[in-house]
Q: 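Questions regarding the structure given below will be posed in turn.
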2 protein chains.
Amino acid sequence: MNSKDIAKIVGVSRSTVSRVINNYPDIPQATREKVLKAIKEYNYYPNASARRLAGMKSSTLGIFIIDIKDNEKPHHVIENNEDLLYGNSYFSPFINAFIDQSNKAQYHVLVSTIYSSDELWKIQSAFYEKRIDGAVIIGSSSIDYSKIFEIMDKDSITVAVDLDMEKENTGTVMSVNINNYGGVSDAIDYLVELGHKDIAVITGDLNKLSGKIRFESFKDALLRHGLPLNNDFIAYGDFTENSGYEGMKKILASGKKPTAVFTSNDTMAIGAYRAIKEYGLKIPEDISVMGFDNSYISQYMSPPLTTVNVSLPEIAKCSIELLLDSINNKEIKNRQKTVNVQIVKRNSCKKIV
Amino acid sequence: MNSKDIAKIVGVSRSTVSRVINNYPDIPQATREKVLKAIKEYNYYPNASARRLAGMKSSTLGIFIIDIKDNEKPHHVIENNEDLLYGNSYFSPFINAFIDQSNKAQYHVLVSTIYSSDELWKIQSAFYEKRIDGAVIIGSSSIDYSKIFEIMDKDSITVAVDLDMEKENTGTVMSVNINNYGGVSDAIDYLVELGHKDIAVITGDLNKLSGKIRFESFKDALLRHGLPLNNDFIAYGDFTENSGYEGMKKILASGKKPTAVFTSNDTMAIGAYRAIKEYGLKIPEDISVMGFDNSYISQYMSPPLTTVNVSLPEIAKCSIELLLDSINNKEIKNRQKTVNVQIVKRNSCKKIV
DNA sequence: CTGAAAGCGCTTACAG
DNA sequence: CTGAAAGCGCTTACAG
């Protein structure tokens, strides 16, 4: 079943069939209805590739999850399936939110994962092969981005999430970020309000924008409150649970015990919880813990984690807006968007006297 | 940049360029190399739509997540973004596993979500529009499946996950399921081995194959061990946390207290934990809890949940194998596959005397 | 081994 | 308002 068949059935030309499909204005109501009826009756769907080839948009958006952990190991070396994205609890909700939002906007979505620098060409090829009209890139550190944007065609429409625009912006890439700075600022204000003065930090991966900004904001907040930045109270993590665990142990081993610790994401808070419990300390009685992300799991931790909510659906929505506006050649006012965050208070932080 | 340009540059015909791209055998090494060099140098990627139109596969697989909660509400009525798939912790890992496996097999993947019966046409259209070569369908209850398979073309290659083949199998659909029966069987054996005799159950959605089989297996296991099936110890849930909570409350309110409860998935175990704690009971001292799925969160519950591991990557792998074999017209021996499961013992079940 | 040409199924100026 | 025709960028018999 193709447009020629439908044309024959209805007794019009393929041009006319095409015109009603594409909602051209100058079709008499009667003709339009006849065609629509046949389309429905014969269950006809226009071939997407043919439409694309004839110049239409592919009406699909791409999402590229970059998860390069180890630049020495190319993809084909990774043998354990379980190690792949599957285990990545952070990106999943974003992917899902993005799919939902795209589907709502009548767009299909093509998802690809990238595990090594060698696979960065996938992004370029998806554009060059004309599979997608636009794409969102998430999860990379700044090193990868510059590479990507170097390869990519200047009119491949893409928005990057969590990208440091200062360095890479060639004027061609859009970005959406969350208000990392404000979130951490609020978090520390809250801790101070609760009476905490000895606040430790476990940083995220400082090669990622979120890791960098959150740490900067932390330091600024301490300064603002006239609190000391004790070197023993800084542990450098990388957003993984294990680094949270090790970081917390390092801090606890320093002898001086902080009354509160800010972990730069929830995943590291899980590790920190474990270390704290191993030291026989209780949360929040002995030490308060504050996370960041409000990940799905945070509410189920014991005690439920006080953290900073990041709306993944909101990020997805902003990304898609930027993408669609750009695809439709709309005037874009702001190629950078920032999504707000807010503290969610649970039971892992207590007031001290 | 298209194949004609490359042809001109190298000094051959488009046919030849196409032949090297598609790895035809009879090309002299020298010619092949020249063409490849130009392709690389000019960063040429063949237009996917054109290839598709000329008869090639689209080399993309579809994944349709069916999440029809409420047949009265069509999709456009759902206003709260947060309610969508985003919150669905069960499908996410499967989606990710499927993407990873497909990407490895050099396939792209198109993801779509379906929130109401009105959207079931999406599956059909993806095939008819020739966007995908095959698809996996997950998350539906039997009611939806029969509808889907009715609409769908007999040669749309699809595998259904968690589908009751007895009813719907028209001989055209493939399926992969986990060994629900064996998993529950082992789970109850384990509980009995621990000395439990009064075992309660919170069922899943009995309209889903997994819900149905898990409950059947539970009943059979009790029978096999000569244990009574106490009506007060049965609560009918639907796989959601809240139904686990309500179910557990109902069981606890019955007066007689079971020594163990089997919740048909981990999500309901979360709810059950909450109810048990509200009753001032301790896990596993007062009551043992056994889940199913080994979801990401189960290890972080307090106490860590004893459950049955389901390998989502394995399910994804099986689905893709079936799909690819079918796409490549390979002889398919078994159109049904079953993935094994195994108990993972943690601290929510204790031995009683 | 390789080129000219037809064909895949659409859309869209163009002409009427 | 509508049809005939060109063109999108490939692949693949066909002929040599």
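Side chains are part of it too, since the values below use all heavy atoms of this structure and drop only hydrogens, waters and symmetry mates. We name chains A, B, ... by the order of the sequence lines, and we start the count at 1 in each one.
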Q: Please measure how far the P atom in dC10(C) lies from the corresponding atom in dC14(C), and state the result in whole Å.
A: 24 Å

Q: Between which residue ranges does DNA chain D form stems of three or more consecutive Watson-Crick or G-U wobble pairs, both distances under 3.5 Å?
A: C:1-3 with D:14-16, C:5-12 with D:5-12, C:14-16 with D:1-3

Q: Using atom types as modelled, flag every donor-acceptor pair under 3.5 Å from a side chain in residues 40-47 of chain B to any protein atom, sequence neighbours excluded.
A:
unit_1	atom_1	unit_2	atom_2	d
Asn43(B)	OD1	Gln124(A)	NE2	3.1
Asn47(B)	OD1	Ser49(B)	N	2.7
Asn47(B)	OD1	Ala50(B)	N	3.0

Q: Once you round it to whole Å, what is the distance between P of dG3(C) and CG of Asp26(B)?
A: 14 Å

Q: With nearest nucleotide decided by heavy atoms, which residue, Gly11(B) or Leu53(B), maps closer to the 5′ end of DNA chain C?
A: Gly11(B)

Q: Output all residues satisfying side chain to side chain contact (heavy atoms under 4.5 Å, CB included) with Ser18(B), sequence neighbours left out; order by chain, then residue number.
A: Asn22(B)

Q: To the closest 0.5 Å, what do you measure between OG1 (Thr31(A)) and CG (Leu36(A))?
A: 11.5 Å

Q: What's Ser49(B) touching, base or sugar-phosphate or nothing? Going by heavy atoms closer than 4.0 Å.
A: nothing

Q: Whether the side chain of Ser326(A) engages the backbone of Leu322(A) through a donor-acceptor N/O pair (distance < 3.5 Å, no angle test) should be reported.
A: no

Q: Could you grab the distance from atom CG of Leu110(A) to atom CG of Leu61(A), nearest 0.5 Å is fine?
A: 10.0 Å

Q: So, using side chain to side chain contact (heavy atoms under 4.5 Å, CB included) as the criterion, who are the partners of Asn328(B) when residues are at least two apart?
A: Leu324(B), Lys330(B)

Q: Below 3.5 Å is the cut-off: list the nitrogen or oxygen pairs between protein and nucleotides 11-15 of chain D, distance only.
A:
unit_1	atom_1	unit_2	atom_2	d
dT11(D)	OP1	Asn22(B)	ND2	3.0
dT11(D)	OP1	Arg51(B)	NE	2.8
dT11(D)	OP1	Arg51(B)	NH2	3.1
dT11(D)	OP2	Ser18(B)	OG	2.4
dT11(D)	O5'	Ser18(B)	OG	3.4
dT12(D)	OP2	Tyr24(B)	OH	2.6
dT12(D)	O4	Ser15(B)	OG	3.4
dA13(D)	N6	Arg19(B)	NH2	3.0

Q: Taking side chain to side chain contact (heavy atoms under 4.5 Å, CB included) as the test, write out the residues that go with Ala316(A), two or more places apart.
A: Phe94(A), Ala97(A), Phe98(A), Gln101(A)

